[in-house]
Chemist: 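A single structure is presented below for examination.
Both counts, for ligands and for their atoms, begin at 1 and track the order of listing. What you see below is based on every heavy atom in this structure, not just the backbone, and it leaves out hydrogens, waters and symmetry mates.
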Amino acid sequence: MSDACAENGLRSVEAAKQMLIDSINPITATETIPLSQACGRVLAAPVLAELDLPPCDNSAMDGYALCGEHNSYTIIGKSLAGHPFSGTLEPGQATRITTGAAVPTGADRVQMQENCTLDGDQLSMSRPAIPGENIRRRGEDVHTGQSLIPLGAKIKVPHIALLAAAGVAQVTVVRKLKAALLSIGDELKPIGTPAAELGDGDIYDSNRIALQAALEQLDMDILDLGCWPDQPDKIRDAFVQARDHADFVITSGGVSVGEADYTKTVLQELGEIGFWKLAIKPGKPFAFGRLPKAQGETLFFGLPGNPVSAIVTLYQLVVPALEKLRGTAELHRQAPLQVRARLLNDIRKKPGRTDYQRGFTYRDEDGIQVVETRGIQGSHILSGFAAANCFVVLPREGGDCETGDWVTVEPFTAPLK
Ligand code: AMP
Ligand code: MG
């Protein structure tokens, strides 16, 4: 994997994302699961409606089902949701009807009850109902046999409602991806270690649990391989375990050019790896590779160790790659939402890298979407990240921004929220 696409030594975020997506083949294994477990999974086989929706003409209102246009009507019965009227209306006849109840045979319109006056069994109204008024037609939503969701769609709450309404109780989805997670660095201590036991310069391994929290939102099976020292033989053991048990491995730390970064040596032994310098801030170093095995291969994503960089590169690059791996279709339409917002503070920026500053965006009292950056914009500053709800995306070639400028904002969405 050469760095041939790199521009001025740095590869753009867009090019890196596209290269990842283009070089990954989706897994094809599927499983059939109950609809109740399907939210967030990727549809792998067509789902067809078992019936028309609505299944019959029914009322959109509480009121009266009417036959023809008359000055008054004679009430001859009622049609309630779950209890249809079994007779047939003749001209000038009406039934009481509730929302969702079947429109009786012969009725051609429904008058809402607010417009009606009842005198014994005689119904009159303040204005006539027009033909078809307040009738929800059979099949106007879905036809029997219709394909309900495109293949490769990520199943969301509205899909669940649609599938259930159409009589679908189970779906075939792409099987869950298996992730292996590990951290690399002599200075890392597992969370839970008493602070008093940390040596000079030691820090908690915060990346692994944050990455795990993110991947869990993507419905993956996660193998947590823990943290590993900067020692080639140990790192090799970790990578072999990851390769043998997972579809992909995500590491953090050990991908920069520092002396203790053995990742490269070990990976070159085990497979094919490219070390990229990305035009992204925070998060310049990034590694992507493949570890071949008896059956297929395991993908390797090496994230920078700095905590903000690790999460930003996960979000901007690895998540789209994983979506491709699990068969999500139309990836270009799945890119995170971007909106314009007015900047509430000045920003310093040097041209050369796309900057994902951490900010907080909201609508002000005048209804204008505004954004202010949060905290020092360092790749190790987690407090500002934690106080943010969006990235302020500053284009690669742009420079400083001033208060009042309109900037691009990317609100945090899953798996960041
Ligand atoms: P590296 O990529 O190994 O050069 O690490 C860059 C910075 O990220 C260093 O300050 C590391 O201490 C820090 N770092 C590396 N791994 C982690 C981790 N798992 N959790 C928190 N910080 C880390
Ligand atoms: Mg390190």
Chemist: Would you say that Q357 contacts F391 through its side chain, given a criterion of any heavy-atom pair below 4.5 Å between the two side chains?
Modeler: no

Chemist: Return the residue, atom name and 0.1 Å-rounded distance of the protein heavy atom closest to atom 1 (P) of ligand 1.
Modeler: G254 N, 3.7 Å

Chemist: Among all the protein's non-hydrogen atoms, which is closest to atom 23 (C) of ligand 1, and how far away is it?
Modeler: G305 O, 3.3 Å

Chemist: Would you mind listing which atoms of ligand 1 come within a distance below 4.0 Å of any non-hydrogen atom of S183?
Modeler: 19 (N)

Chemist: Around atom 4 (O) of ligand 1, find the nearest protein heavy atom and jot down its residue, atom name and distance.
Modeler: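 So the nearest neighbour among protein heavy atoms is S256 OG, 3.0 Å.
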
Chemist: Do the charged groups of R127 and E133 touch, with an N to O distance under 4.0 Å?
Modeler: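 Yes, charged N to carboxylate O under 4.0 Å.
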
Chemist: What protein heavy atom sits nearest atom 18 (C) of ligand 1, and how far off is it?
Modeler: N207 ND2, 3.2 Å

Chemist: Considering distance alone, does some N or O of I203 sit under 3.5 Å from an N or O of ligand 1?
Modeler: no

Chemist: Tell me, please, whether W406 has R340 positioned over its six-membered ring: NZ or CZ under 6.0 Å from the ring centre and within 45 degrees of its axis?
Modeler: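 Judged by the rule (NZ or CZ under 6.0 Å from the ring centre, within 45° of its axis), R340 is not positioned above W406.
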
Chemist: Quick one, D400 and I347 - any side-chain contact, counting heavy atoms below 4.5 Å?
Modeler: no

Chemist: Heavy atoms only, cut-off 4.0 Å: how does H380 contact ligand 1, side chain, backbone, both, or neither?
Modeler: neither

Chemist: When you measure from the centre of the six-membered ring of F300, is the NZ or CZ of R290 under 6.0 Å away and within 45° of the axis?
Modeler: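 No, R290 does not lie over the aromatic ring of F300.
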
Chemist: Just to confirm my output: which protein heavy-atom neighbour is closest to atom 19 (N) of ligand 1, and how far is it?
Modeler: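 The closest heavy atom on the protein side is D205 OD1, 2.7 Å.
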
Chemist: Please find out if less than 6.0 Å separates the ring center of F412 from that of F360.
Modeler: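 For F412 and F360, the ring centres are not under 6.0 Å apart.
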
Chemist: Identify, by atom number and element, the atoms of ligand 1 in contact range of Y204, meaning under 4.0 Å from any of its heavy atoms.
Modeler: 20 (N), 21 (C)

Chemist: Output the distance between atom CD1 (I280) and atom CG (D355), rounded to the nearest 0.5 Å.
Modeler: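 Between I280 CD1 and D355 CG, I get 9.0 Å after rounding to 0.5 Å.
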
Chemist: Is the Y315-Y356 ring centre distance short of 6.0 angstrom?
Modeler: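 Between Y315 and Y356, the centre distance exceeds or equals 6.0 Å.
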
Chemist: Checking the N or O distance criterion of under 3.5 Å, is ligand 1 in contact with L188?
Modeler: no

Chemist: Among T298, I27, D221, which residue meets the side-chain contact (heavy atoms from CB on, under 4.5 Å) test with K178?
Modeler: D221

Chemist: Could you tell me whether S206 approaches ligand 1 through its side chain, its backbone, both or neither, with non-hydrogen atoms closer than 4.0 Å?
Modeler: both

Chemist: Output the list of atoms in ligand 1 that are nearer than 4.0 Å to some heavy atom of S252, sorted by atom number.
Modeler: 19 (N)

Chemist: Around atom 9 (C) of ligand 1, find the nearest protein heavy atom and jot down its residue, atom name and distance.
Modeler: E187 OE2, 4.1 Å

Chemist: What protein heavy atom lies closest to atom 10 (O) of ligand 1? Include the residue and the distance to one decimal.
Modeler: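 Going by distance alone, atom 10 (O) of ligand 1 is nearest to N306 OD1, 4.0 Å.
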
